[in-house]
There are 2 protein chains.
Amino acid sequence: MRIAELSRRSEVPVPTIKFYLRTELLFPGERTSHNQAQYTEAHVRRLKVIRALIEVGGLSIAATREVLEKMYAPGMSAVDSAGKAQFAMVTQRPVIEDETWERAVKETDALLDRLGWQVRATNPARQSLASAIATLYRLGQTPQLKLLDDYAKVARQAAEAELAHLAGETDPDAFVESAVIWTALGDVIFSALRRAAQEDIVTRFTSPQE
Amino acid sequence: MRIAELSRRSEVPVPTIKFYLRTELLFPGERTSHNQAQYTEAHVRRLKVIRALIEVGGLSIAATREVLEKMYAPGMSAVDSAGKAQFAMVTQRPVIEDETWERAVKETDALLDRLGWQVRATNPARQSLASAIATLYRLGQTPQLKLLDDYAKVARQAAEAELAHLAGETDPDAFVESAVIWTALGDVIFSALRRAAQEDIVTRFTSPQE
DNA sequence: CGATAACAGATAGTTCTACTATCCATTATC
DNA sequence: GATAATGGATAGTAGAACTATCTGTTATCG
């Protein structure tokens, strides 16, 4: 198909597709002549994934590009690709290395240790967690161990549920794609469900009439 | 204190503080003369909360302003203020009302119904959830009921754990502030823990040696 | 008291992100 | 053969979140 149809099918404007091609977010079509290229179903699909990650998942273009690179990197097992893509999804922010930060890192290490989780030092989730904990400290909100432990237990259940869901996927490419999509959208879904649950709990608490 | 000290104490540059004052993100200091104003501990505190919501929580300035407005609105119960602030934290995106969207809304309603949760129609979490589910549909990822139900159960546990934590707070202002901070940072913490759990599970699965 | 520094407020400028728009020389298509 | 579409290059735009500069005071310190 040509670019106009690709645009129609993917609901992405032509100039935006060109922009994605320029910035290597989308792989090029097969050239048939000096000013013609053929696009395929794979392009449509890729554009849909890109839009989902950006619009719904809230990823930046840079993060999305990295995720896609890792996702479809050849010569890696599905699990490794998914893992690498996972890493690219975490927004890294520069860290202020003060006393609070040190404390938060220790707290993070202790938590993961206590849980017995095997999480590499390179996993950006560690840093992300530490910076949230550091922020709680700075705001005088002592992050109670119990609450963190509860959160962790619950997070593990969520991860188990979604990995069980993914286990049904036999095709490696489909597995990686599903894993990435679920990681990105899972955050959104979970966040929404948490807020919904909060309202329900508060409602029951203030006007108990079960 | 004067603005230089406020800047030092809050670690926010003076021009940024001025910008926050201009845009009413930060309430003004008490004027003592034509070009002097006094700032208080409350200003320091507020700036720290603002930076936490923006930098760690990832809120936009507009969302942050709304959250703060609702948070400290007078004449409301702590629970109501926290609820309103909660609503302002969800990023609303324009919705494409196609067939997929309709289906996702039905799915969302059915889910909340099945769970028996009391969630108002105005809660933006509904829309957020529906748009994530619609995206899954569009990507051909059938959102299995079981997984959504599992997620919901887990989200409820997280919400219960954090509300139990908040229940200890007797001062209404402190309650609202804690609620807002935990809602914003909870997303980050949970997301990080989920990714950490994913790595642990995958590690155990591919090289089981407990 | 006077020099220097700090201040509030106004206005303008900057950087980054994520697109949009325009143009041109081809190439398709009717 | 006229019209439309295309790929690629270049430039422009809109919004967000600051950052800088300027002006006319007001503090403060020696």
Side-chain angles (χ1 to χ4, degrees), chain A residues 1-40 43-44 46-68 88 91-94, chain B residues 1-40 43 46-68 88-89 91-94:
Chain A
M1 78 190 79
R2 316 206 327 199
I3 203 167
E5 193 183 341
L6 177 59
S7 168
R8 208 166 29 72
R9 293 272 313 275
S10 62
E11 296 180 85
V12 176
V14 171
T16 304
I17 295 178
K18 286 186 174 187
F19 168 68
Y20 287 170
L21 286 166
R22 269 204 307 284
T23 53
E24 288 177 84
L25 201 56
L26 182 66
F27 52 95
E30 200 190 339
R31 301 296 301 275
T32 58
S33 72
H34 180 60
N35 70 336
Q36 295 288 306
Q38 283 295 312
Y39 302 97
T40 63
H43 287 89
V44 178
R46 187 65 67 89
L47 278 174
K48 285 185 181 171
V49 173
I50 290 171
R51 297 310 300 169
L53 293 180
I54 291 177
E55 281 184 7
V56 186
L59 297 204
S60 68
I61 285 206
T64 306
R65 182 167 34 237
E66 244 191 284
V67 168
L68 294 174
T91 330
Q92 299 271 37
R93 281 168 313 92
Chain B
M1 77 190 79
R2 318 207 321 199
I3 203 166
E5 194 183 342
L6 177 59
S7 168
R8 207 165 30 72
R9 294 273 313 275
S10 61
E11 295 180 86
V12 176
V14 171
T16 304
I17 295 177
K18 286 187 174 187
F19 168 69
Y20 287 170
L21 286 167
R22 270 204 307 284
T23 52
E24 288 178 81
L25 200 58
L26 182 65
F27 53 93
E30 200 190 338
R31 300 296 301 272
T32 58
S33 72
H34 180 60
N35 70 338
Q36 295 289 307
Q38 283 294 314
Y39 303 97
T40 63
H43 287 89
R46 187 65 66 92
L47 279 174
K48 284 185 182 171
V49 172
I50 289 171
R51 297 310 300 170
L53 293 180
I54 291 177
E55 282 185 6
V56 186
L59 297 204
S60 68
I61 285 204
T64 305
R65 181 166 37 236
E66 245 192 283
V67 168
L68 294 174
M89 248 178 280
T91 328
Q92 298 271 34
R93 280 166 315 92

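This one's a predicted model, so the numbers in the text were calculated from it and none came from an experiment. These values consider heavy atoms only, across backbone and side chains, with no hydrogens, waters or symmetry-generated copies.
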I'd like to know if Asn35(A) reaches the base of dT6(D) with its side chain, counting only an N/O donor and acceptor under 3.5 Å.
yes

My understanding is that only residues two or more places apart in sequence, or in another chain, count here; which of them pass side-chain hydrogen bond (donor to acceptor under 3.5 Å, both in side chains) with Gln38(B)?
none

Has Arg31(B) got a side-chain N or O lying under 4.0 Å from the OP1 or OP2 atom of dT26(D)?
no

Check each residue of residues 18-29 of chain A for a non-hydrogen atom within less than 4.0 Å of any atom in DNA chain D, then write out the ones that pass by number, or none.
Lys18(A), Arg22(A)

Taking the side chain as every heavy atom from C-beta outward, state whether Leu47(A) and Arg9(A) have any atom pair closer than 4.5 Å.
no

In whole angstrom, what separates His34(B)'s NE2 from dA27(D)'s P?
11 Å

Starting from C1' on dA8(C), measure out to CD on Gln38(B) and report it in whole angstrom.
13 Å

Hey, can you pull the residues of residues 7-15 of chain B with a non-hydrogen atom under 4.0 angstrom from DNA chain C?
none

Side chain Thr23(B), main chain Phe19(B), donor-acceptor under 3.5 Å:
yes

Which nucleotide sits closest to the side chain of Ala4(A): dT26(D), dA8(C), dT6(D)?
dT6(D)

Does Ser33(B) put a side-chain nitrogen or oxygen below 4.0 Å from OP1 or OP2 of dC7(C)?
no

Hey, can you pull the residues of residues 56-65 of chain B with a non-hydrogen atom under 4.0 angstrom from DNA chain C?
none

Qualifying salt bridge (Lys or Arg N to Asp or Glu O under 4.0 Å) pairs, either residue in residues 11-38 of chain B, two or more places apart
none

Are a donor atom and an acceptor atom from the side chains of Tyr20(B) and Arg46(B) found within less than 3.5 Å of each other?
no

If we only count heavy atoms from C-beta on, is the Ile17(B) to Ser10(B) side-chain gap below 4.5 Å?
yes

OP1 or OP2 of dT6(D) under 4.0 Å from side-chain N/O of Arg2(A)
yes

Among residues at least two apart in sequence or on other chains, which ones pass side-chain hydrogen bond (donor to acceptor under 3.5 Å, both in side chains) with Thr40(A)?
His43(A)

